[in-house]
Amino acid sequence: MNFNKLKKQEFISVFTFVLSSVSFMLFYFVDYQKNNFAKALGYLLPAIFWLDLIIAVIMQILISSKLKMKITKNRIGVVSFFQNRYAAIFDGLMIVSFIITVILLIKHTNSFIVFFIISLFVISFEMHCVLNGKYFNTIFLKENNK
């Protein structure tokens, strides 16, 4: 099994998850009533968000198809927490950003801060799923694959 190719696919997946989250944060700057750039941003950002999300999921599906024989269940780590040190960072960030998001939405605070914290929650949730999953552990953390 070519683990270098799987590592590249996992990196592409993580990178495109990050880009989708960043594009979500930039939605704050969209204003359809202002200049052409703001309008163009309003049409471009959703396309970037969805395209990156689709690419990330496709990369996970490709990884899944290559590791299918080894791993049959619990492929992504939706219900797993703190499976490794990388996942622990994003699990903590996910929990904290979720709590802050709820507080900010109740207090009706500055919209940019809310967009930023929700974007942090989105990326931390995506990384939570990837980093706690068995694919990541198989590709990066197993001793015989390094």
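All values derive from a computational prediction rather than experimental measurement.
Counting only heavy atoms from C-beta outward, the side chains of Leu131 and Gln83 never approach each other to under 4.5 Å. Within the 4.5 Å cutoff, the side chain of Val122 has no heavy atoms near those of the Met25 side chain. Side-chain contact between Leu53 and Phe17 is present, with heavy atoms from C-beta onward closer than 4.5 Å. Contact of the Phe81 side chain with the Met94 side chain is registered, since non-hydrogen atoms from C-beta on lie closer than 4.5 Å.
Val57 and Phe15 are assigned to two separate hydrophobic clusters, defined by single-linkage of ILVMFWY side chains at heavy-atom distances under 4.5 Å. Linking ILVMFWY side-chain heavy atoms closer than 4.5 Å, directly or via other members, places Met59 and Leu19 in two distinct hydrophobic clusters. When hydrophobic clusters are built by joining Ile, Leu, Val, Met, Phe, Trp and Tyr residues whose side-chain heavy atoms come closer than 4.5 Å, directly or via intermediates, Phe112 is grouped together with Leu45. Both Ile113 and Leu105 sit in one connected hydrophobic cluster of ILVMFWY residues. Membership requires side-chain heavy atoms under 4.5 Å apart, directly or through other members. Residues Trp50 and Val14 share a single hydrophobic cluster, defined by chaining ILVMFWY side chains whose heavy atoms lie under 4.5 Å apart.
Enclosure of atom OH in Tyr86 is not indicated, since only 12 or fewer non-hydrogen atoms of other residues, nucleotides or ligands lie within 6.0 angstrom. Counting heavy atoms of neighbouring residues, nucleotides and ligands inside a 6.0 Å radius, atom CZ of Phe82 exceeds 12 of them.
For the pair Pro46 and Leu41, the tightest heavy-atom approach, listed with the atom from each and the gap, is CD-O, 4.2 Å. For Leu6 against Ile139, the heavy-atom pair with the smallest separation is CB-CD1, 3.8 Å. Nearest heavy-atom pair, Ser124 versus Phe90, reported as atom, atom and distance to 0.1 Å: CB-O, 3.7 Å. Across all non-hydrogen atoms, the minimal contact from Ser23 to Ile48 is CB-CG2, 3.8 Å.
Taking the six-membered ring where tryptophan is involved, the planes of Phe140 and Phe11 are perpendicular, since the angle between them exceeds 60° and thus also 30°.
No donor-acceptor distance shorter than 3.5 angstrom exists from the side chain of Ser64 to the backbone of Gln60, with no hydrogens or angles considered. Panel note: side chain Ser13, backbone Gln9; no donor-acceptor pair is recorded below 3.5 Å. Ser21 places no side-chain N or O within donor-acceptor distance of the main-chain N or O of Val18, the cut-off being under 3.5 Å.
Taking CD1 of Ile12 as the start and CD1 of Ile58 as the end, the distance is 11.5 Å to the nearest 0.5 Å. If you take CG on Asp91 and CG on Asn132, they are separated by 4.5 Å, rounding to the nearest 0.5 Å. Residue Phe121 holds its CZ atom at 7.0 Å from OG1 of Thr101, rounded to the nearest 0.5 Å. Distance check, rounded to the nearest 0.5 Å: CZ of Phe136 to CD of Glu10 gives 7.0 Å. Summarising the geometry, atom CD1 belonging to Ile55 is positioned 6.0 Å from atom OG1 belonging to Thr16; distances are rounded to the nearest 0.5 Å. Going from atom CD1 of Ile117 over to atom CD1 of Ile99 covers 12.0 Å, rounded to the nearest 0.5 Å.
Ring pair Phe24/Phe27: centre-to-centre distance below 6.0 Å.
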